[in-house]
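Quick caveat, the model's predicted, so the values are computed rather than measured. Numbering of ligands and ligand atoms starts at 1, following listing order.
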Amino acid sequence: MEVARTRHELRALLARHPRPHGLVPTMGWLHDGHRSLIGRSVAECSSTVVTIFVNPLQFGDPSDLERYPRDEARDLAVCEAEGADLVFAPPVEEVYRPGFQTSVRLGSLAAPLEGAARPGHLEGVATVVAILLNLIGAERAYFGQKDAQQLLIVRRMALDLAIPTLVVGCPIVRAPDGLALSSRNVHLSPTERAAAPVLRRALLAACRRWESGEHSAAVLRSAMAGTLAEESLASVDYLSCADAETLEELERVDRPALLSLAVRFGRTRLIDNEQLSPTMEMAPIETPRS
Ligand code: AMP
């Protein structure tokens with residue numbers, strides 16, 4: 001496995017690896033969620049490129065950027081073990097060149113949820129992803145469903161800006177107690193970590209209501225709120241039951257929907273989500289006339 005630090009090195013190394021190329025963009029502190037993305041790319045592509053870059057543009061709060069966990073030596077060992085061929089781990093100035101001033105402006109998909117809670121965050125994500133997609137020119141790029149809004153936005157951006165990379169969404173990887181793996185979980189205290197699976201329980205409570213025939217989005221949101229209220233360490237940022245394609249809040253779940261939530265435990269903010277896909281209404285069976 002090779003490591004590129006500059007655009008120049010990256011270009012030279014990419015040319016030596018067979019296509020199709022698969023790209024896995026990450027901010028490092030790699031866990032089994034990242035591993036699953038790398039594994040999928042290795043299975044589907046002839047060469048896999050992992051990027052490790054903590055993107056300052058997507059952090060509103062400088063102290064959040066400062067305390068983002070980093071361990072490059074360990075991350076490189078994970079990439080190697082998973083079969084990655086190339087890692088691009090650049091310094092900030094290789095991604096944002098001196099005088100940098102151009103960014104991606106997003107539309108309505110970025111207005112709710114993370115967009116409302118963290119102004120500028122999704123534009124920062126879209127901008128760095130556009131730069132990485134252009135620098136690497138991979139045939140496929142792998143993103144986690146864990147960041148469902150990000151996945152929708154990246155997919156939309158690739159279409160809108162004619163970026164010829166197929167955006168592949170991958171399932172959420174969870175700890176045995178249901179907590180979605182996240183680099184931020186490392187900041188949870190032992191009591192917060194023990195409380196954090198309440199996110200999953202809240203989603204499952206709403207899923208159960210929906211599976212038993214409940215179509216009111218308000219009822220599903222209150223099922224999530226009710227479960228979260230049982231956990232005193234959890235402070236809810238948002239709870240949503242939205243159209244899975246437009247992210248507009250629903251009144252009735254009569255089309256594919258995304259249940260999502262953001263919850264704080266002390267200074268650590270966690271997100272999780274679940275898709276609801278109403279099965280097609282059964283067509284009435286015609287009785288043959290005799
Ligand atoms: P990050 O390093 O947090 O920016 O994440 C890099 C990629 O890994 C993103 O596409 C995330 O959606 C994805 N990812 C993060 N956590 C998980 C997880 N638990 N399961 C699946 N994918 C994940």
Greater than 12 external heavy atoms within 6.0 Å of Glu245's CD: no

Separation of Met1 CE from Leu13 CG (nearest 0.5 Å): 11.5 Å

Between CZ on residue Arg35 and OG1 on residue Thr26, distance to nearest 0.5 Å: 12.5 Å

Side chain, backbone, both or neither: the part of His31 lying under 4.0 Å from ligand 1 by heavy atom: side chain

Leu37 and ligand 1 - part of the residue with a heavy-atom distance under 4.0 Å: side chain

Of all the non-hydrogen atoms in the protein, which one sits nearest to [atom], and at what distance?
atom                    : answer
atom 23 (C) of ligand 1 : Lys146 CB, 4.0 Å
atom 10 (O) of ligand 1 : Gly144 N, 2.9 Å
atom 4 (O) of ligand 1  : Met27 CG, 3.6 Å
atom 3 (O) of ligand 1  : Tyr68 OH, 3.9 Å

Ligand 1 to [X] polar contact by distance, N or O atoms, under 3.5 Å:
X      : result
Val173 : yes
Ala180 : no
Asp147 : yes
Cys170 : no
His34  : yes

Need the ligand 1 atom indices (1-based, order shown) with element for anything under 4.0 Å from a heavy-atom of [X].
X      : answer
Leu181 : 16 (N), 17 (C), 18 (C), 19 (N)
Pro171 : 20 (N), 21 (C)
Ile172 : 20 (N), 21 (C)
Pro25  : 6 (C), 7 (C)
Phe143 : 10 (O)
Thr26  : 2 (O), 6 (C)

Test: [X] and [Y] ion pair at under 4.0 Å:
X      : Y      : result
Arg118 : Asp237 : no
Glu230 : Arg201 : no
Asp177 : Arg193 : yes

Thr127 and Ser103: side chain donor to acceptor below 3.5 Å: no

Any donor-acceptor N/O pair, Asp243 side chain to Arg255 backbone, under 3.5 Å: no

Sole candidate of Arg174, Lys146, Arg200 that passes salt bridge (charged side-chain N to carboxylate O under 4.0 Å, His left out) when paired with Asp272: Arg174

Note, Thr48 side chain near Tyr142 side chain (heavy atom, < 4.5 Å): no

Connected-component partners of Val54 among ILVMFWY, side-chain separation under 4.5 Å: Met27, Phe59, Leu65, Tyr68

